[in-house]
Amino acid sequence: MQVAAELQRAHHHHQRHKQDTPMCRQIQLTISDHTTAGDDDGEDLFIPPLNFAMVDNGIFRSGFPEPANFSFLQTLGLRSIIYLCPEPYPEANMEFLKSNGIKLFQFGIEGHKEPFVNIPEDTIREALKVVLDVRNHPVIIHCKRGKHRTGCLVGCYRKLQKWCLSSVFDEYQRFAAAKARVSDQRLD
């Protein structure tokens, strides 16, 4: 799968040529269907987590990474993970972090108060500090499905980038799909 290779190349290119690169770059991603049972030709499969996407140079978003996603995540060279759920991080994930020198930042935001999700401002502010600190990059932001809590944090990041609200909401909707919560879109 070329997804990881393209993202890694883009990240390394950015690190070498920070001042020479445009603010926005188009990256070609190729997704292949590897669902054939017993198809083991010795090739490593790099499977991104649910709802995986690049937010900005050195910043990614996704749903909860499963062990099947660890090989893919290794290709990103992550320094940090921002986990937006209150539940403890599973032991397998903690082992992955330890063995790869990845720091975990956990911000326990409750996600089951639908439709009135109250995301505390101070929690979002602290999470944004982690996102904005380039010493934590490359970083991936995730919650359970990479939709609502992740979408709120990314939306606040976009506001800091001076995105217009309609573009922020469009991006949020793209990941949240039909389950977009109006209460999550209050980014004043």
Side-chain angles (χ1 to χ4, degrees), residues 1-12 14-15 27-112 114 117 119 123 126-128 130-131 133-154 157 171-172 174-179:
M1 200 181 219
Q2 293 180 327
V3 174
E6 287 294 332
L7 290 172
Q8 187 72 9
R9 244 191 316 277
H11 175 71
H12 286 303
H14 172 70
Q15 295 303 328
I27 299 173
Q28 172 105 17
L29 300 179
T30 306
I31 307 293
S32 302
D33 184 10
H34 294 288
T35 56
T36 311
D39 183 18
D40 187 15
D41 56 6
E43 190 177 311
D44 286 336
L45 296 181
F46 296 103
I47 304 165
L50 178 73
N51 277 328
F52 175 82
M54 185 178 216
V55 174
D56 204 346
N57 287 316
I59 304 172
F60 304 94
R61 66 178 290 163
S62 75
F64 201 95
E66 300 293 331
N69 308 130
F70 292 168
S71 294
F72 174 83
L73 293 177
Q74 282 180 310
T75 68
L76 301 177
L78 295 174
R79 282 192 193 154
S80 310
I81 288 182
I82 298 175
Y83 174 47
L84 300 174
C85 302
E87 297 80 18
Y89 222 48
E91 191 56 41
N93 292 59
M94 290 303 291
E95 287 301 317
F96 172 74
L97 298 185
K98 284 179 201 161
S99 64
N100 288 278
I102 300 169
K103 186 170 184 182
L104 177 67
F105 294 91
Q106 183 171 1
F107 298 94
I109 299 170
E110 293 292 334
H112 52 76
E114 215 169 354
V117 177
I119 297 189
T123 305
E126 289 305 308
L128 275 172
V130 175
V131 172
D133 188 342
V134 294
R135 294 172 297 180
N136 297 321
H137 295 182
V139 61
I140 191 166
I141 303 162
H142 80 83
C143 53
K144 282 234 172 26
R145 303 194 56 78
K147 294 181 177 187
H148 307 299
R149 289 169 278 195
T150 298
C152 285
L153 181 57
V154 170
Y157 176 75
E171 182 181 45
Y172 177 89
R174 201 164 52 249
F175 287 93
K179 294 187 176 181

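No hydrogens, no waters, no symmetry mates; every other heavy atom, side chains included, goes into these values. Being a predicted model, the structure only gives us computed values, none of them experimental.
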Across all chains, not counting sequence neighbours, the side chain to side chain donor-acceptor pair (under 3.5 Å) partners of E95 are none
Donor-acceptor check, side chain of [X] to backbone of [Y], threshold 3.5 angstrom: yes or no?
X    : Y    : result
Q106 : E87  : yes
R79  : R135 : yes
H137 : L78  : no
T150 : C143 : yes

Interatomic spacing from [atom1] in [X] to [atom2] in [Y] - rounded to 0.5 Å:
X    : Y    : atom1 : atom2 : answer
H142 : L84  : NE2   : CG    : 8.0 Å
F46  : Q74  : CZ    : CD    : 8.5 Å
L50  : K147 : CG    : NZ    : 7.0 Å
L128 : E126 : CG    : CD    : 9.5 Å

Determine whether I141 and Y157 satisfy the following criterion, side chain to side chain contact (heavy atoms under 4.5 Å, CB included), listing intermediate values before the conclusion.
CA-CA 11 Å; I141 303 162; Y157 176 75; over 6 Å; no
Listing, residues 59-69 side-chain donor-acceptor contacts under 3.5 Å, not counting sequence neighbours, or none:
unit_1 : atom_1 : unit_2 : atom_2 : d
R61    : NH2    : G146   : O      : 3.1
N69    : OD1    : E66    : N      : 2.7
N69    : ND2    : I47    : O      : 2.9
N69    : ND2    : P48    : O      : 3.3

* To do: Evaluate the criterion side chain to side chain contact (heavy atoms under 4.5 Å, CB included) for residue pair V130 and F107; output intermediate values, then yes/no.
  => CA-CA 11 Å; V130 175; F107 298 94; 3.8 Å; yes
Check against side chain to side chain contact (heavy atoms under 4.5 Å, CB included), F175 and H148:
CA-CA 8 Å; F175 287 93; H148 307 299; over 6 Å; no
**Request:** Output, in order, the C-alpha distance, side-chain angles, deciding distance and verdict of side chain to side chain contact (heavy atoms under 4.5 Å, CB included) for N136 and F105.
**Result:** CA-CA 10 Å; N136 297 321; F105 294 91; 3.7 Å; yes
Residue that, paired with L73, satisfies side-chain contact (heavy atoms from CB on, under 4.5 Å) out of L97, N93, I140: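 Of all the options given, the one that passes is I140.
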Taken in chain and number order and not counting sequence neighbours, the residues that satisfy ring pair (Phe, Tyr, Trp, His ring centres under 6.0 Å) with F70 are F96
